[in-house]
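Below is one structure; the comments refer to it alone.
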Amino acid sequence: MSSELILSTLLSPIVLFFILGLGAALMRSQMSVPESFAKGLAIYLMMAIGLKGGVEMSKTALSPDIFAIAGVALVLSFGMPFLAYMMLRVTSKMSRVDAAATAGHYGSISIVTFVAATQALQLAGIVTSGYMVAMAALMEVPAIMSALVLARRGMKKEGEVAGSEKGELFREVFLNASVVVLVGALAIGWMTGEAGMEKIAPFFVTPFQGVLCLFLLDMGLNAGRGLRQGWRQLDAGALSFGIIMPLIGAALTAPLCWLIGMSIGDAALLITLAASASYIAVPAAMRLALPKAQPSIYLTLSLGVTFPFNLTLGIPLYIILAQWVGG
Amino acid sequence: MFAKKRLELSIEKPAFKRACRILEDAGVKGYTAFSAFAGYGGGMRWQKGTDLSASQDMIMIISVMDQDVIEKVIDALENLIGSHIGLLNISDVTVLRDEKF
């Protein structure tokens, strides 16, 4: 079962298209996905996943279990950056501000990794709950606060945000494109329910897999280019952090899933969220709040190392882990 | 013909609005901004990304102004590029319509 799961994930069209893009970029191919088109694909995917989650949520009543999962999700997002920061300071030569900015990425989430995990679970016939999309949205932001707290400790000046710039940072953190589209689509899906979804299903449900393949081709190109251009900025400690940190995140989350009695599918998604690293919302917030942190370090790690690892080997491992702890 | 100063600022997208505010608050009569496609700096190549936040993009701002206005903006812009990724160039130019700048 385990080897079958790993093989079926690795040989799924979405992963193969990602590998195609990654390989093309590493071999310096000139292939590229037009910028506006790629951004349109990202908005489409977030709308589709938000709508689907909202519709599923409309079918179930809010229960204490959901609040327990939300509590765990918040604790993970707030807490993981502190662990990541300590690891980075011990294992790599990163400066305090670079380590704080990088740590923030590892407390937040990657929505594309989440989507890929839902597809892998669907392929394995494992059911997931719609409200897990809300957990993904919930985990985007708290890690940014933790990164700012970490950067402020001991080096006040670099962690400070000027009063006039706080509003700008607030907008970037809470109203960035991914949060607005994801939460907005989730609310619309929740309000309109199955009847509303039926009307837009030909656009948001049927072509979803194909669009995801296109998007992952672009993600592969971006990850490959980022890795090619930025790997020299990372020492061995930082590079290994990009793979070890997701595994630690997964290992910490699994017992919590067992503790609150999550289903296999939902546990696999929460583990995946905890193991993923942001490359959209957090980099933008870090450029505003911690401009001295080097984007070539945190982006190469989250997009060039952790994302490919999670997409290929991480997701099947997290599903296996969820099968051990899930009810 | 009138002598003016031309300011050329290349700044990372997250700091773009701050740069615009500095220019507007100093009373600059106009500026034009456009997105840079690719470049090289800090020992590595970069190119316009496709991610939604556009946090890796670079924006070029061009503005022509009087000497007294440029003196008002230069310190604030220098501070901005001191913490953010960016470059600032100032050159002498000649314009035809004085009232536009």
Side-chain angles (χ1 to χ4, degrees), chain A residues 32-43 45-46 111-112 157-158 160 162 164-165 167-169 171-172 176-182 215 218-219 221-222 225-226 228-233 278-296 298-300 303, chain B residues 8-28 31-61 72-89:
Chain A
S32 67
V33 176
E35 181 209 340
S36 305
F37 182 62
K39 287 185 177 175
L41 291 179
I43 293 172
L45 287 177
M46 280 188 270
I111 197 70
V112 185
K157 223 177 168 184
E158 285 185 62
E160 263 176 15
S164 61
E165 289 158 5
E168 202 182 332
L169 180 63
R171 279 194 297 278
E172 189 58 58
N176 67 70
S178 58
V179 169
V180 169
V181 177
L182 197 62
F215 185 72
D218 182 54
M219 287 296 297
L221 288 166
N222 284 335
R225 284 191 192 117
R228 215 182 62 217
Q229 289 160 2
W231 70 272
R232 285 185 194 87
Q233 313 275 327
S278 169
Y279 45 80
I280 300 176
V282 183
M286 288 302 116
R287 289 314 302 146
L288 280 172
L290 301 175
K292 295 258 159 134
Q294 296 178 64
S296 55
Y298 52 69
L299 266 178
T300 306
L303 187 58
Chain B
E8 211 175 277
L9 175 69
S10 168
I11 189 88
E12 60 175 329
K13 175 82 189 307
F16 169 63
K17 278 186 188 162
R18 290 179 192 176
C20 294
R21 262 202 307 272
I22 291 169
L23 293 175
E24 289 162 22
D25 291 349
V28 167
Y31 58 80
T32 303
F34 46 93
S35 183
F37 170 67
Y40 177 83
M44 55 190 289
R45 286 187 199 141
W46 60 266
Q47 70 179 70
K48 199 171 162 59
T50 56
D51 83 274
L52 272 183
S53 72
S55 63
Q56 300 304 297
D57 289 4
M58 294 295 288
I59 309 283
M60 183 79 92
I61 304 173
K72 283 190 214 165
V73 299
I74 202 137
D75 285 344
L77 289 179
E78 222 178 326
N79 276 340
L80 190 69
I81 57 169
S83 52
H84 286 277
I85 302 168
L87 275 176
L88 176 63
N89 299 304

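Just so it is clear: chains get the letters A, B, ... in the order the sequence lines come, proteins before strands, and each one is counted from 1.
Of the residues A/Val282, A/Ile280, A/Asn176, the one that meets the side chain to side chain contact (heavy atoms under 4.5 Å, CB included) test with B/Ser53 is A/Ile280.
Applying the side-chain contact (heavy atoms from CB on, under 4.5 Å) criterion to A/Arg232, with sequence neighbours excluded, gives no partner residue. Evaluation of the side-chain contact (heavy atoms from CB on, under 4.5 Å) rule for A/Thr300 yields A/Leu227, A/Leu234 as partners, not counting sequence neighbours. When the side-chain contact (heavy atoms from CB on, under 4.5 Å) test is applied to A/Val181, the partners found at least two apart in sequence or on another chain are A/Ile43, A/Met46, A/Met47.
To the nearest 0.5 angstrom, A/Ile111 atom CD1 is 11.5 Å from B/Leu52 atom CG. Atom-to-atom distance recorded for B/Trp46:CH2 and A/Arg225:CZ is 14.0 Å, nearest 0.5 angstrom. Distance check, rounded to the nearest 0.5 Å: CD of B/Gln47 to CD of A/Glu35 gives 10.5 Å.
Contacts with chain A (heavy atom to heavy atom, under 4.5 Å) involve these residues of residues 72-84 of chain B, listed by number: B/Gly82, B/Ser83, B/His84.
Between A/Pro295 and B/Ile85 the shortest side-chain heavy-atom distance falls below 4.5 Å. Looking at B/Thr50 and A/Asn222, their side chains come closer than 4.5 Å, going by heavy atoms from C-beta outward.
Residues B/Gly49 and A/Lys39 come closest through the heavy atom pair O-CE, 4.4 Å.
A/Gln294 does not touch chain B: none of its heavy atoms, backbone or side chain, sits under 4.5 Å away. Contact of A/Leu303 with chain B is not made at all, since no heavy-atom distance falls under 4.5 Å.
Each of B/Gln56, B/Lys17, B/Lys13 has some count of heavy-atom pairs under 4.5 Å with chain A, and the biggest count is that of B/Gln56.
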